[in-house]
Number of protein chains: 2
Amino acid sequence: MQKLPIDRILNGCCIEELKKLPDGSVELVFADPPYNLQLGEGLTRPDQSKVDGVDAEWDQFSSFKAYDDFCREWLSEARRVLKKDGALWVIGSYHNIYRLGAVLQDLGFWIHNDIVWVKSNPMPNFRGTRFTNAHETLIWAAKSEKSRVTFNYHSLKAANEDVQMRSDWTLPLCTGAERLKQDGAKLHPTQKPEALLHRIITATTKPGDVIVDPFFGTGTTGAVAKRLGRHYIGIERDQSYVLAAEQRIGAIVAPKNPEELAPLPAPRREPRVGFGQVVEAGLLAPGTKLYCPKRKYTAKVKADGSLSTPKLEGSIHKVGASLQNAPSCNGWTYWHFEERKGQFAPIDSLRQAIRSRPS
Amino acid sequence: MQKLPIDRILNGCCIEELKKLPDGSVELVFADPPYNLQLGEGLTRPDQSKVDGVDAEWDQFSSFKAYDDFCREWLSEARRVLKKDGALWVIGSYHNIYRLGAVLQDLGFWIHNDIVWVKSNPMPNFRGTRFTNAHETLIWAAKSEKSRVTFNYHSLKAANEDVQMRSDWTLPLCTGAERLKQDGAKLHPTQKPEALLHRIITATTKPGDVIVDPFFGTGTTGAVAKRLGRHYIGIERDQSYVLAAEQRIGAIVAPKNPEELAPLPAPRREPRVGFGQVVEAGLLAPGTKLYCPKRKYTAKVKADGSLSTPKLEGSIHKVGASLQNAPSCNGWTYWHFEERKGQFAPIDSLRQAIRSRPS
DNA sequence: AAGGTCGTTGAATCGTACA
DNA sequence: GTGTACGATTCAACGACCT
């Protein structure tokens with residue numbers, strides 16, 4: 001049996017290189033496989049600039065079946081390489097995550113959680129045709145139903161203000177100085193933020209564990225693993241990525257006392273409360289009349305969470321601004337509803353009610 | 001072909017009852033399918049043999065296959081029943097959503113978004129072995145890639161503080177008075193909050209549309225549909241749920257004023273005004289100079305409502321696109337005229353002036 | 001120095017009405 | 001059905017540059 005190529009990057013195809021690794025030899029696999037995006041013609045922003053989309057050859061598959069076959073192959077090898085109590089993380093979007101999830105269940109992996117990476121700064125939908133694609137999905141699965149996987153529950157809870165870490169993680173994209181660049185352009189189209197790997201590794205591995213990443217890219221997994229006192233084995237077929245990753249990881253100093261490394265707390269963004277939620281929650285019925293502070297103007301609540309007057313329609317803010325001929329208006333404090341006969345309250349009180357709902 | 005059983009609950013198996021509905025007859029399917037099929041009890045293999053649990057892995061595969069077969073059957077019927085531009089929503093957790101997603105993709109449904117329902121008050125994980133399961137996943141998919149589905153973009157934006165609605169929705173569980181009870185116990189184990197259905201229905205249907213829910217349960221879909229001026233067809237095999245749903249929906253008063261239900265119209269639904277009309281109306285004299293936003297390019301207004309530069313002639317859109325070397329251009333917002341000395345305004349403001357003229 | 005403005009960018013399955 | 005022309009459409013974060 002081969003010796004495990006610890007803390008090295010193997011330059012080659014993920015399936016072939018996985019096949020060279022011995023059975024039951026590693027604690028964790030983290031995988032960020034191709035998403036099979038199948039993008040159409042070039043997308044432009046409203047200002048006519050072009051979106052730098054993912055058009056790499058490695059992301060193209062001819063059919064769902066071709067993609068499924070690919071997944072089945074590398075996931076089988078990943079499962080073989082895992083120790084009995086080992087675990088797997090995969091990340092994907094709606095394009096591929098249902099394929100991945102179904103295949104890994106078929107192979108006997110046992111899902112513990114799926115995790116939603118809620119992006120604090122996603123790319124908007126430029127054409128106004130869909131919801132902003134603001135999240136990606138991760139699956140955390142054990143090698144089998146009987147595996148007793150590592151889960152550092154207490155350190156996660158302690159790091160998270162003594163409440164259990166939830167399945168929704170709000171984190172920003174990988175931008176700024178963290179993003180690897182070459183001649184000013186991003187080196188890799190889909191580099192993941194280190195904070196994401198930090199949380200995964202501190203949650204589900206112990207110091208000294210070995211983590212295999214079969215789609216190593218620019219080596220985020222290796223960088224975070226080294227910083228956290230874990231070992232990595234990277235597999236990457238593009239040599240320019242291998243070189244960049246080696247340089248990146250080489251600059252990182254491994255810690256002296258990995259046991260002391262705490263997981264990242266999970267700050268939860270205060271969710272935006274829109275007027276639509278007030279209507280959805282049944283706090284104001286469609287058709288209810290709203291009044292401006294001096295009762296001079298009125299508007300009607302619509303079922304979709306907009307306001308209407310005989311001449312105007314739009315958000316609580318836009319309609320308020322138009323009526324006053326002002327550039328802007330805070331609709332929450334401008335619009336009032338009749339709470340009791342002759343008693344008016346600003347609709348902001350209803351937003352407060354939503355914010356303080358059971359949690 | 002049968003008449004559509006509008007605003008009724010059909011007491012029976014979802015597949016059999018769906019089969020009775022005519023082809024291409026409804027705008028939306030919302031489905032909250034059961035996913036306890038793989039949990040041992042009540043599970044039968046496709047061949048109806050007993051599960052003995054000796055061969056755990058084969059057994060698991062067999063149970064996934066049974067669930068997939070079930071999904072394929074009801075999703076096929078759901079797709080058949082949908083109009084050409086119809087759409088489907090399904091909700092699930094990690095137990096079943098990967099099966100559902102993969103099957104619906106295989107059947108030709110075209111995913112537009114997946115949506116994460118982030119629960120503001122989830123049940124904690126009592127044993128401390130996993131992350132708190134704090135979300136469920138919804139998939140919004142069109143009948144096919146070519147479908148032009150309903151998406152009330154402007155309603156959603158107005159309801160959400162004038163920013164695009166994202167794919168992560170934070171909403172509380174269905175609790176309190178909204179939760180149907182019987183002798184103090186919850187009547188249905190997985191009753192969904194009305195706010196969730198409210199957002200789905202206002203986002204992706206128009207008033208008067210027909211919504212089929214093949215797993216009707218206690219009728220949340222029907223209740224919200226009725227309140228929003230949409231029609232429903234519920235299918236439910238448990239008669240006690242049917243009775244509860246009928247009572248619940250019967251107590252709801254359908255809205256009187258359709259204008260309160262209408263989605264915010266897109267600006268483009270306003271009557272089309274050509275640039276020629278601006279010139280005809282004398283709002284811009286032939287020969288007037290127009291400027292691009294950065295004042296880099298200029299063009300002259302011609303009497304026939306076209307633009308000219310020394311090298312180019314054509315519509316406001318074509319000339320703008322050519323100058324920028326862009327595939328397309330909205331001339332209304334690209335071209336500016338000098339309103340007062342040093343003050344520029346887009347020519348779109350002149351179109352607005354024409355639209356708001358008394359006619 | 002602190003603060004404001006402007007420009008850039010990120011895993012994206014991103015039109016439609018009319019002739 | 002198909003081709004053509006109109007014309008609708010973006011949020012948050014970060015860095016550069018200016019006042």
Side-chain angles (χ1 to χ4, degrees), chain A residues 32-56 58-61 64 91-97 117 119-137 170-179 181 184-186 188-193 215 217 269 272, chain B residues 85 105 109-114 141-142 144-146 148-149 151 153-154 157 160-167 266-270 272-275 293-294 314-318 320-321 326-335 346-348 351:
Chain A
D32 180 13
Y35 283 16
N36 189 23
L37 284 188
Q38 314 204 344
L39 305 181
E41 292 305 299
L43 178 65
T44 54
R45 304 168 193 271
D47 67 1
Q48 304 293 343
S49 66
K50 287 198 190 102
V51 174
D52 184 12
V54 179
D55 55 359
W58 47 255
D59 202 51
Q60 315 286 328
F61 290 83
F64 284 132
I91 181 167
S93 67
Y94 66 83
H95 310 86
N96 68 327
I97 197 67
W117 169 25
K119 300 177 183 180
S120 51
N121 52 346
M123 182 154 70
N125 180 286
F126 295 118
R127 308 298 295 267
T129 56
R130 302 180 177 201
F131 298 95
T132 306
N133 210 335
H135 74 276
E136 292 187 29
T137 302
T170 301
L171 296 168
L173 299 173
C174 179
T175 60
E178 189 186 325
R179 188 93 194 202
K181 302 263 170 68
K186 58 187 175 191
H188 191 283
T190 69
Q191 186 181 338
K192 295 292 175 290
F215 307 94
R269 174 179 53 95
R272 188 191 296 268
Chain B
D85 293 334
Q105 284 182 314
F109 282 102
W110 191 249
I111 300 181
H112 276 229
N113 281 111
D114 56 2
S144 83
E145 185 177 354
K146 294 191 200 92
R148 308 284 196 231
V149 301
F151 183 55
Y153 176 75
H154 292 89
K157 190 172 172 179
N160 192 44
E161 301 290 273
D162 288 319
V163 295
Q164 285 186 349
M165 187 73 79
R166 301 165 37 116
S167 60
R268 72 162 168 278
R269 297 297 301 275
E270 295 184 62
R272 182 174 286 212
V273 173
F275 185 63
K294 294 178 183 167
S315 72
I316 53 173
H317 313 295
K318 280 252 171 85
S328 68
C329 167
N330 182 346
W332 291 107
T333 51
Y334 182 72
W335 292 110
I347 58 177
D348 197 43
R351 179 168 65 163

Could you check whether [X] gets within reach of a base, just the sugar-phosphate, or nothing at all, counting any heavy atom under 4.0 Å?
| X | answer |
| --- | --- |
| A:P193 | nothing |
| A:D32 | base |
| A:S93 | nothing |
| A:C174 | nothing |
| B:I111 | base |
| A:E41 | base |

Could you state the atom-to-atom distance from [atom1] of [X] to [atom2] of [N] in whole Å?
| X | N | atom1 | atom2 | value |
| --- | --- | --- | --- | --- |
| A:D59 | C:dA12 | CG | P | 11 Å |
| A:R179 | D:dG15 | CZ | C1' | 16 Å |
| A:Q48 | C:dC14 | CD | C1' | 14 Å |
| B:D348 | D:dC6 | CG | C1' | 13 Å |
| A:R130 | C:dG15 | CZ | P | 9 Å |
| A:K186 | C:dA11 | NZ | P | 6 Å |
| B:Y153 | D:dA8 | OH | P | 14 Å |
| B:N330 | C:dG15 | CG | C1' | 13 Å |

Stepwise side-chain contact (heavy atoms from CB on, under 4.5 Å) test for B:Y334 and B:I316:
CA-CA 9 Å; B:Y334 182 72; B:I316 53 173; over 6 Å; no

Kindly express the pairing pattern of DNA chain D in dot-bracket notation, using | wherever a base pairs with another strand and counting only Watson-Crick or G-U pairs under 3.5 Å.
.|||||....|||||||||

Take atom [atom1] in [N] and the same atom in [M], then report the distance between them in whole Å.
| N | M | atom1 | value |
| --- | --- | --- | --- |
| D:dT10 | C:dT16 | P | 15 Å |
| C:dG10 | D:dA8 | P | 28 Å |
| C:dA11 | D:dC6 | C1' | 31 Å |
| C:dA12 | D:dT9 | C1' | 14 Å |

In terms of the nearest nucleotide of DNA chain C, which residue is placed more toward the 5' end: A:G128 or A:T175?
A:T175

On DNA chain C, more 5' by nearest nucleotide between A:L39 and B:R148 is A:L39

Under 4.0 Å from OP1 or OP2 of [N]: is there any side-chain N or O of [X] that close?
| X | N | result |
| --- | --- | --- |
| B:K318 | D:dA5 | yes |
| A:K119 | D:dC11 | no |
| B:R272 | C:dA17 | no |
| B:H317 | D:dC6 | no |

Name every residue in residues 120-127 of chain A that has at least one heavy atom under 4.0 Å from any atom of DNA chain D, in order of residue number, or write none if there are no such residues.
A:S120, A:N121, A:P122, A:P124, A:N125, A:F126, A:R127

[X] side chain, from C-beta outward: closest of [options]:
| X | options | result |
| --- | --- | --- |
| B:Q164 | C:dA11, D:dC11, D:dA8 | D:dC11 |
| B:R351 | C:dA12, D:dA8, D:dG7 | D:dA8 |
| B:S315 | C:dT9, D:dC6, C:dA11 | D:dC6 |
| A:H95 | D:dA5, C:dA11, C:dA12 | C:dA12 |
| A:P46 | D:dG7, C:dA11, D:dT10 | D:dT10 |
| A:T129 | C:dT16, C:dG10, C:dG15 | C:dG15 |
| A:V51 | D:dG7, C:dC14, C:dA12 | C:dA12 |
| B:H154 | D:dC11, C:dA11, D:dT9 | D:dT9 |

Heavy-atom distance under 4.5 Å between the side chains of A:V54 and A:Y35, does that happen here?
no

Would you indicate whether the side-chain heavy atoms of A:D47 and A:F126 approach each other to under 4.5 Å?
no

Do the side chain of B:S167 and the main chain of A:T132 share a donor and acceptor less than 3.5 angstrom apart?
yes

Nearest 0.5 Å, what's the [atom1]-[atom2] distance between [X] and [Y]?
| X | Y | atom1 | atom2 | answer |
| --- | --- | --- | --- | --- |
| B:R148 | A:T129 | CZ | OG1 | 11.0 Å |
| A:D59 | A:T190 | CG | OG1 | 8.0 Å |
| A:H95 | A:N36 | NE2 | CG | 9.0 Å |

base_contact_polar (C:dG10 base, A:R45 side chain, donor-acceptor, <3.5 Å)
yes

Taking donor-acceptor contacts at under 3.5 Å, does the side chain of A:K192 reach the base of C:dA11?
yes

Please find the pair of heavy atoms, one from [X] and one from [Y], that lie closest to each other, and give the distance.
| X | Y | result |
| --- | --- | --- |
| A:Q48 | B:N330 | NE2-N, 4.4 Å |
| A:K119 | B:R166 | O-NH2, 2.9 Å |
| A:R130 | B:H112 | NH1-O, 2.9 Å |

Parallel, tilted or perpendicular, judged at 30° and 60°: which one describes the rings of B:F151 and A:F131?
perpendicular

Apply side-chain contact (heavy atoms from CB on, under 4.5 Å) to B:W332 and B:H317, showing your working.
CA-CA 8 Å; B:W332 291 107; B:H317 313 295; 3.6 Å; yes

